[in-house]
Amino acid sequence: MDAMSKTIRVRIAPSPTGSVHLGLCRTALFNWAYARRFGGQFVLRIEDTDHDRNTQVSEQAILAALDWLGLDYDEGPGKGGPFAPYRQSERVARHLEMAQALLASGHAYRDFSTPEALDAWRAEQEARKQRVAYRGSDRDLDPEVSRRRAEAGEPFATRFRIPAGETRFEDLIRGQVTIPHEEIDDWVMVRRGGEAPTYNFVVVCDDLDMQITHVFRGEEHLVNTPKQLLVYAACGKPEPAFAHLPLMLGTDRKKLSKRTGDTSLPDYQAKGYPKEAIFNFLALQGWSLDGETDVFDRAKFVEHFDIRDVSKAGAVFDPAKFLWMAGEYLRRETVEELAQHVAPFAIEAQLMTAEAIEARRPWFLRVVASVQDRMSLYSDFPAWVAHFFQPDDAIVYDEKAEKGARKREGRAEILLAFAEALEAGRLGHTAADMAGATKAWLEDRGAKLADLFQPLRLALTGMGGGPDLFETIELLSTPSSLARIRAGAARLA
RNA sequence: GGCCCCGUCGUCUAGUCAGGCCUAGGACACCAGGUUUUCAUCCUGGCGACAGGGGUUCAAAUCCCCUCGGGGUCACCA
């Protein structure tokens with residue numbers, strides 16, 4: 001009832017380790033959409049309780065990724081909010097305080113056993129092949145004794161006392177889930193030494209303090225939920241609603257990992273996937289608009305998204321469909337937009353400098369427009385236009401294309417004749433004029449179109465396919481075209 | 001292995017909660033045509049699934065049970 005009447009508050013709580021995984025992006029996407037759809041708040045909290053693995057770079061990468069995808073959060077590190085701080089490492093005092101309270105109420109206990117003893121116990125379990133949930137030997141220690149040993153300086157870990165019974169909860173995606181308590185360890189809330197609380201504990205403390213109403217996260221957290229639910233109960237606090245998203249799978253049907261391909265957002269940014277395509281594709285991993293429409297913008301997504309519509313089964317990540325989606329968005333861009341997106345790739349490939357692009361902007365736009373239908377990714381651009389920057393007498397010929405061109409009888413002669421006609425201006429000067437005039441010219445000579453066009457394309461661009469040839473001639477300029485054609489005639493003779 | 005979750009075309013999915021409108025729809029991929037000076041775009045068509053077996057019912061992809069298959073998880077990681 002509480003959760004219904006309060007405004008919706010969702011969060012993502014990534015740990016800043018490694019690169020930004022697509023799974024995190026998708027979880028963020030769904031949380032964000034839910035908040036936006038129902039007028040709630042989307043919170044970012046950095047889960048940096050594992051000091052050994054956290055990195056500052058990684059935290060920055062998460063912030064940058066959300067920003068790039070346009071998933072604006074209402075509260076979070078660097079942005080602040082009514083429940084600051086939003087970095088868990090900065091909230092430890094509060095976590096310890098809550099741990100203290102659970103110790104006092106008997107929901108938790110001090111475990112003085114050594115890590116070595118635990119290892120031995122686990123080894124024994126392993127040997128007997130019958131894994132039983134851990135129940136610390138100090139679980140039933142007299143509270144007074146326990147307190148005194150702690151005061152005497154004996155190190156201990158704080159464990160949660162799992163009661164008998166089972167936990168049953170309603171997952172918004174999966175329906176009712178039941179897990180018997182015999183399966184759950186008396187897990188560690190605060191590590192030995194007393195200053196380092198663990199994830200399963202702090203996540204509840206923080207969600208509680210930040211008044212989170214809905215927890216949407218990956219399915220790998222499903223079996224952890226009872227542990228957390230038990231903490232809510234122990235604190236006497238209402239629990240949020242839970243929904244566990246289906247995993248994103250690799251082609252091996254296992255949790256998406258680097259083994260089967262790129263998994264991080266920066267990988268796809270670097271390859272030149274349009275961001276709206278990434279957004280759209282991620283939205284399709286476990287959710288669909290109406291079963292008919294695959295391409296939709298973020299407004300549409302927000303307008304229709306509901307966590308209840310998310311599917312239960314894991315989604316195999318399909319690179320081919322992702323590529324198609326990329327092309328779909330790339331082709332919808334205006335030439336100006338596309339030029340802007342593609343320019344960095346041209347620069348990186350050392351085809352042009354930023355200054356050169358600026359200086360020849362009208363030309364550059366025409367070039368971009370000419371290959372728009374031929375690209376799926378921004379990174380496809382350099383390969384299509386590289387020939388423009390090669391010396392006229394040393395165009396790099398594609399092997400297959402050259403083989404094809406060499407099959408044409410009289411290739412050198414026709415190229416030379418065409419060059420002459422072109423130079424004399426007998427074919428006109430605009431692409432449209434030249435196309436018509438050239439066809440007439442070919443007919444007069446009794447030649448087939450392919451007799452000229454195949455060798456011509458090779459001479460001009462070195463490629464087997466590409467934009468309209470007369471457009472290419474214009475873009476190249478007549479002198480340069482002539483040089484290439486004559487060089488081609490010589491090379492193909 | 002225990003426990004938990006899941007199971008519709010190769011892949012993403014609609015349909016499952018409220019059984020009939022499903023001879024199961026869409027998309028990607030693939031194949032075949034068409035358009036085109038080529039490549040691509042674009043257009044048309046094709047291939048292709050209810051994991052299996054039992055029930056319940058006049059009727060099941062939809063409800064129940066079992067089997068099989070896949071995944072997740074079993075830390076003083078998150």
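Reminder, nothing fancy here: chain letters follow the sequence lines and each chain counts from 1.
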Assess A/Arg298 against A/Phe279: is NZ or CZ under 6.0 Å from the centre of the six-membered ring, and within 45 degrees of the ring's axis?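 Output yes; distance and angle both within limits.
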Are A/Arg26 and A/Phe30 in a cation-pi setup, meaning NZ or CZ lies under 6.0 angstrom from the ring centre and within 45 degrees of the ring axis?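 That pair qualifies as a cation-pi contact.
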No-H, no-angle donor-acceptor pair, A/Arg374 side chain to B/rC39 base, under 3.5 Å: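 Check passes, donor-acceptor contact within cut-off.
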Under the 3.5 Å rule, do the base of B/rU38 and the side chain of A/Arg457 count as making a donor-acceptor pair?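 By the distance-only test, yes, there is a pair.
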Of the nucleotides [options], which has the atom closest to the [X] side chain?
X        : options                : result
A/Arg174 : B/rC74, B/rC76, B/rC5  : B/rC5
A/Thr49  : B/rA78, B/rC12, B/rC6  : B/rA78
A/Val316 : B/rG72, B/rU13, B/rU11 : B/rU11
A/Arg331 : B/rU41, B/rC6, B/rU11  : B/rU41
A/Asp185 : B/rC74, B/rU13, B/rC39 : B/rC74

N/O donor-acceptor pairs under 3.5 Å from side chains in residues 115-125 of chain A, not counting sequence neighbours:
| residue | atom | partner | partner atom | Å |
| --- | --- | --- | --- | --- |
| A/Glu116 | OE1 | A/Thr114 | OG1 | 3.4 |
| A/Glu124 | OE2 | A/Arg128 | NH2 | 2.3 |
| A/Gln125 | OE1 | A/Val132 | N | 2.8 |

Rounding to the closest angstrom, what is the interatomic distance between B/rA40 and B/rG20 at atom C1'?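 Straight-line distance between the two C1' atoms is 47 Å.
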Distance between C1' atoms of B/rC22 and B/rG15 (Å, rounded):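 So the two C1' atoms sit 8 Å from each other.
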Across nucleotides 16-34 of chain B, 5' to 3', mark each nucleotide with B, S or - according to how protein heavy atoms within less than 4.0 Å reach it. ---------BBBB------
Report yes or no: is the ring centroid of A/His221 under 5.5 Å from the six-membered base ring centroid of B/rA78, with the two planes under 30 degrees?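 Answer is yes, a stack.
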Can you see if the side chain of [X] gets near the phosphate of [N] - specifically, an N or O under 4.0 Å from OP1 or OP2?
X        : N      : value
A/Arg122 : B/rC74 : no
A/Arg131 : B/rC3  : no
A/Lys255 : B/rU73 : yes

Could you check whether A/His341 and A/Tyr273 have their ring centres less than 6.0 Å apart?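 Ring-ring flag for A/Tyr273/A/His341: false, centres at least 6.0 Å apart.
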Verify whether the ring centers belonging to A/Phe301 and A/Trp287 lie closer than 6.0 Å.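 Yes, the ring of A/Phe301 comes within the 6.0 Å limit of the ring of A/Trp287, centre to centre.
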Rounded to whole angstroms, how far apart are CD1 on A/Ile162 and P on B/rC74?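 It is 14 Å, rounded to the nearest whole Å.
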Could A/Arg91 and A/Asp206 be called an ion pair, given the rule that one side-chain N must be under 4.0 Å from one carboxylate O?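 Result for this pair is yes, salt bridge flagged.
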Should the pair A/Lys321-A/Asp294 be classified as a salt bridge under the 4.0 Å nitrogen-to-oxygen rule?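 Salt bridge between A/Lys321 and A/Asp294, a charged N being under 4.0 Å from a carboxylate O: yes.
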